[in-house]
Amino acid sequence: MVKIGFWKRAVAITIDLVFLNIATKISLLPLERSIGLGDIMPADLFTSMDTFQAKVFLLYFILYLFAGLILSLVYFTYFHSATGQSIGKGLLKIKAIQTSGEPLNFKIAFIRWGGYFISGLAMYLGFLWVLFDENKQGWHDKIAGTYVVKV
């Protein structure tokens, strides 16, 4: 079993995050259009927006973050439990497995996603941990009892 280190995993998660960002943007596009945010840029908060527009923009931004969080929960939990691979991992021919060598089930995939959240909250130290860990595990891997291996 060849455990995968930081850089290949970093590329995979970057692919996943780009995909999720696009999916979040598309899912909120109808709302964005209906409230007239299509032409407003964040810099406008400090120049040409009135108070109402600023509040609408802030509310939209909070909704965007929440929608992204929910989409990432569904995305990572589903793909990791179904195949052990997200789209990024699949493209790089790597996958997540339990430390026992078994595939991830729904519960483990969900716990691993929660570990992603914790790894990111600590200024991404949980992801960088892969660089220093002898088993090439990030905090999310340690929390869920997983490795990332070559397919």
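All of these numbers come straight from a predicted model, not from anything done at the bench.
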So how far is it from Ser72 OG to Asn21 CG, rounded to the nearest 0.5 Å? 11.5 Å
Tell me if the aromatic rings of Tyr75 and Phe19 count as close, with their centers under 6.0 Å from one another. yes
Check for me, please, whether Leu65 and Leu20 land in the same ILVMFWY cluster - side-chain distances under 4.5 Å, paths through other members count. no
Can you hop from Leu59 to Phe61 via hydrophobic side chains spaced under 4.5 Å? no
Quick one: closest heavy-atom pair of Gly138 and Trp129, and the distance? CA-CB, 4.3 Å
Among side-chain atoms of Ser81 and Asn105, is any donor-acceptor pair under 3.5 angstrom? no
Can you measure from OG1 (Thr146) to CG (Leu104) and round to the nearest 0.5 angstrom? 6.0 Å
Within one Ile-Leu-Val-Met-Phe-Trp-Tyr cluster: Leu121 and Trp139, side-chain cutoff 4.5 Å: no
When rounded to the nearest 0.5 angstrom, what distance separates CD1 in Ile143 from OG in Ser119? 6.0 Å
Do the non-hydrogen side-chain atoms of Ile70 and Phe66 ever get within less than 4.5 Å of each other? yes
Approximate separation, where rounding is to 0.5 Å, of Gln98 CD and Ile108 CD1: 5.0 Å
Minimum heavy-atom separation for Leu92 and Ala12, please, with both atom names. CD1-N, 3.4 Å
Should Ile4 and Val151 be counted in the same cluster of Ile, Leu, Val, Met, Phe, Trp and Tyr side chains packed under 4.5 Å apart? no
Test side chain to side chain contact (heavy atoms under 4.5 Å, CB included) applied to Thr24 - qualifying residues, sequence neighbours left out: Leu28, Tyr64, Ala67, Leu71
Does Arg112 reach the side chain of Phe76, with side-chain heavy atoms less than 4.5 Å apart? no
Ring centroid separation for His140 and Phe127, is it under 6.0 angstrom? yes
By side chain to side chain contact (heavy atoms under 4.5 Å, CB included) - contacts of Ile97 (at least two apart): Met1, Lys95, Tyr147, Val149
Once rounded to the nearest 0.5 Å, what's the spacing between atom CZ of Phe117 and atom CG of Leu73? 11.0 Å
Among Gln137, Lys150, Lys136, which residue satisfies the side chain to side chain contact (heavy atoms under 4.5 Å, CB included) criterion with Lys3? Lys136
Are Ile118 and Val130 linked, directly or through intermediate hydrophobic residues, by side-chain heavy-atom contacts shorter than 4.5 Å (ILVMFWY only)? no
Do Ile94 and Gln85 have side chains that approach each other closer than 4.5 Å (heavy atoms only, starting at C-beta)? no
Looking only at heavy atoms, which two atoms of His80 and Ala96 are closest? And how far apart? CD2-CB, 4.4 Å
When rounded to the nearest 0.5 angstrom, what is the spacing between NZ in Lys89 and CG in Asp16? 6.0 Å
